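Note on naming: letters A, B, ... go to the chains in the order of the sequence lines (proteins, then strands), and numbering restarts at 1 for each one. Bear in mind the structure is a predicted one, so any value in this text is a computation, not a measurement.
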Protein chains: 2
Amino acid sequence: MLSFSEENYLKAIYHIEQLQADGVSTNSVAKKMQTKASSVTDMLQKLADKQLVIYKKYQGALLSEKGSKIAISVIRKHRLWETFLVEKLNFSWDEVHDVAEQLEHIQSEKLIDSLDAYLKFPTIDPHGDPIPDKDGNFVQRQKVKLSTLKENELGILLTINDSTDEFLRYLDNKKIAIGDKINVLSIEPFDKSIQLKIGKRELMITEEVAENLLVSPL
Amino acid sequence: MLSFSEENYLKAIYHIEQLQADGVSTNSVAKKMQTKASSVTDMLQKLADKQLVIYKKYQGALLSEKGSKIAISVIRKHRLWETFLVEKLNFSWDEVHDVAEQLEHIQSEKLIDSLDAYLKFPTIDPHGDPIPDKDGNFVQRQKVKLSTLKENELGILLTINDSTDEFLRYLDNKKIAIGDKINVLSIEPFDKSIQLKIGKRELMITEEVAENLLVSPL
DNA sequence: AATATTTTTTAGATAAGTCTAAAATATTTT
DNA sequence: AAAATATTTTAGACTTATCTAAAAAATATT
Ligand SMILES: [Mn+2]
Ligand SMILES: [Mn+2]
Ligand SMILES: [Mn+2]
Ligand SMILES: [Mn+2]
């Protein structure tokens with residue numbers, strides 16, 4: 001039985017590993033967890049004792065097989081709860097994260113598997129992120145930043161890089177949603193802002209926004 | 001923001017208060033919480049500092065207005081989650097308690113009020129216990145032990161005194177359920193065992209079982 | 001290669017929650 | 001009312017998770 005804190009560290013290490021496959025640095029974990037490097041060192045030593053990470057002084061850490069399984073199960077719970085909140089309790093996608101941060105630590109295999117079934121085994125969460133199944137498997141989809149598309153190219157919005165409430169609400173306001181088919185009409189050479197078309201609507205987004213929208217190119 | 005531990009103590013004190021209205025003793029809390037009296041003293045001092053209980057050395061404790069409100073809100077969450085697990089996720093009533101013990105500490109007013117609405121504002125949980133509403137109000141029903149009924153008297157099973165898994169499963173086996181109309185056919189003078197009728201079925205229960213069944217007399 | 005800077009670890013402190021053992025107080029029995 | 005017993009509190013220790021400040025190691029700069 002792991003503490004909430006241990007589970008949160010494992011999840012953070014997992015997410016950092018996805019970005020840069022080499023050893024996860026103490027500082028990168030500290031930044032993600034909004035804590036001090038010394039606290040991270042303490043925790044990495046503890047997780048190493050429990051064989052959940054492979055850790056060598058000054059070399060950073062990597063999740064072990066066991067640690068990785070736990071991280072994925074926490075992520076599974078987080079995303080299933082987010083899906084429940086949106087689908088069943090009518091939360092909007094910018095309201096679910098903090099509650100899911102708490103719910104992801106509830107310990108009950110029966111609970112999470114029943115929830116999974118109740119939701120009809122969803123594979124994608126409200127933010128477009130894949131939901132691992134009971135065995136930890138999930139879909140890996142090819143995706144590129146919208147900012148890499150050329151003029152007249154198309155893409156389906158799969159997920160987003162920035163999941164802050166502010167960005168989610170920006171997308172709501174602009175009526176940009178997961179699953180939308182986005183057509184790049186033109187790119188302004190001066191500031192790389194993009195004129196695009198969703199359905200019949202035309203709108204303009206900045207390069208920064210385009211960097212945070214991940215699409216499947218068509 | 002209270003810790004899980006503080007919330008659990010408040011809930012325990014509340015439940016003990018319901019049984020004996022006078023000051024709640026340190027030992028009674030220790031017994032309920034399965035902890036040591038010294039730990040209880042520490043916590044009572046802390047809760048008194050936070051004005052959640054009224055506490056005088058060697059005199060035991062009482063919940064303050066504020067403490068009582070929090071205790072009731074934790075109970076509300078516990079019972080709504082139990083109802084959710086049974087109604088929506090097909091848990092049986094002997095499987096919900098431990099999970100609800102965890103879920104009752106999730107902090108989100110929007111979550112619990114949405115859950116309440118999703119369940120159509122239930123007033124009774126799977127064990128027959130009343131569910132406080134958003135304002136902390138709940139139905140108080142007149143109820144007596146089945147063992148106090150005389151021969152040929154009737155009662156509706158409202159709730160139970162013993163909520164252990166074993167007793168719940170005993171009731172399932174005997175097909176005795178909350179809401180059943182129970183007819184006391186005869187009482188054996190020797191051991192006070194009771195012959196009763198539910199629907200068309202006749203069955204016998206011991207006095208001990210009858211002590212743990214609370215009915216509304218008809 | 002030596003120096004400066006950054007990163008990481010260690011040492012020591014603090015807070016929450018628990019425990020055991022001993023002391024203080026209250027209650028019951030004689 | 002004194003003695004015996006039970007209850008409650010205090011004192012001191014331990015664990016987990018965090019922090020600050022200092023030391024050690026790694027990396028970057030000159
Ligand atoms: Mn999230
Ligand atoms: Mn998500
Ligand atoms: Mn319960
Ligand atoms: Mn219940």
Side-chain angles (χ1 to χ4, degrees), chain A residues 1-13 16-17 19-63 67 70-71 74 101-102 104-107, chain B residues 1-13 16-17 19-63 67 70-71 74 101-102 104-107:
Chain A
M1 268 282 317
L2 300 182
S3 68
F4 284 22
S5 198
E6 289 168 319
E7 289 191 343
N8 284 332
Y9 272 96
L10 291 176
K11 193 168 58 124
I13 296 165
I16 297 166
E17 271 186 356
L19 303 178
Q20 340 123 225
D22 49 333
V24 170
S25 73
T26 302
N27 258 2
S28 66
V29 177
K31 194 177 165 193
K32 183 136 217 160
M33 297 286 292
Q34 311 217 72
T35 185
K36 301 292 164 176
S38 54
S39 302
V40 174
T41 299
D42 287 347
M43 184 56 86
L44 291 181
Q45 288 169 345
K46 185 158 68 138
L47 294 175
D49 284 350
K50 296 192 177 186
Q51 318 238 35
L52 299 172
V53 303
I54 292 107
Y55 167 68
K56 274 228 204 93
K57 263 192 193 181
Y58 294 101
Q59 303 292 117
L62 273 175
L63 291 176
I70 294 170
V74 174
E101 280 297 315
Q102 300 178 61
E104 71 188 2
H105 302 294
I106 303 290
Q107 301 282 356
Chain B
M1 269 281 318
L2 299 182
S3 68
F4 284 21
S5 198
E6 290 168 320
E7 289 191 344
N8 284 333
Y9 272 96
L10 291 176
K11 191 167 57 124
I13 295 165
I16 297 166
E17 270 186 359
L19 303 177
Q20 339 123 227
D22 49 332
V24 170
S25 74
T26 302
N27 257 3
S28 66
V29 177
K31 195 177 166 194
K32 183 133 217 162
M33 296 286 293
Q34 310 215 74
T35 184
K36 302 291 165 178
S38 53
S39 302
V40 175
T41 299
D42 287 347
M43 185 56 86
L44 290 182
Q45 289 169 344
K46 185 157 69 137
L47 294 175
D49 285 350
K50 296 192 177 187
Q51 318 238 37
L52 299 172
V53 302
I54 293 107
Y55 168 68
K56 275 228 203 90
K57 264 192 191 181
Y58 294 101
Q59 303 291 120
L62 272 176
L63 290 178
I70 294 169
V74 174
E101 280 297 316
Q102 300 178 61
E104 71 189 3
H105 302 294
I106 303 290
Q107 302 283 356

Length of the line joining B:Lys57:NZ and C:dT25:P, which is rounded to integer Å: 7 Å

Mate of D:dT29 where both pairing distances stay under 3.5 Å, Watson-Crick or G-U: C:dA2

Side chain A:Ser38 and base D:dT20 donor-acceptor under 3.5 Å: yes

Phosphate-side-chain proximity, A:Tyr9 and D:dT16, N/O vs OP1/OP2 below 4.0 Å: no

Contact check, side chains of A:His105 and A:Asn8, non-hydrogen atoms, under 4.5 Å: yes

Close side-chain approach of A:Val40 to A:Met33, heavy-atom, < 4.5 Å: no

Matching residue for B:Leu47 among B:Asp42, B:Leu52, B:Leu2 - test: side chain to side chain contact (heavy atoms under 4.5 Å, CB included): B:Leu52

Counter-base of C:dT29, judged by Watson-Crick or G-U geometry with both distances under 3.5 Å: D:dA2

Touch class at under 4.0 angstrom, heavy-atom based, for B:Ser5 against every strand present: sugar-phosphate

Nucleotide nearest B:Thr35 when distance is taken to its side chain, options C:dT18, D:dA24, D:dC19: C:dT18

Base-pairing mate for D:dC14 - Watson-Crick or G-U, with both contacts under 3.5 Å: C:dG17

Nucleotide D:dA22, atom P - distance to NZ of A:Lys36 in whole Å: 15 Å

D:dT10 base / B:Thr41 side chain donor-acceptor hit below 3.5 Å: no

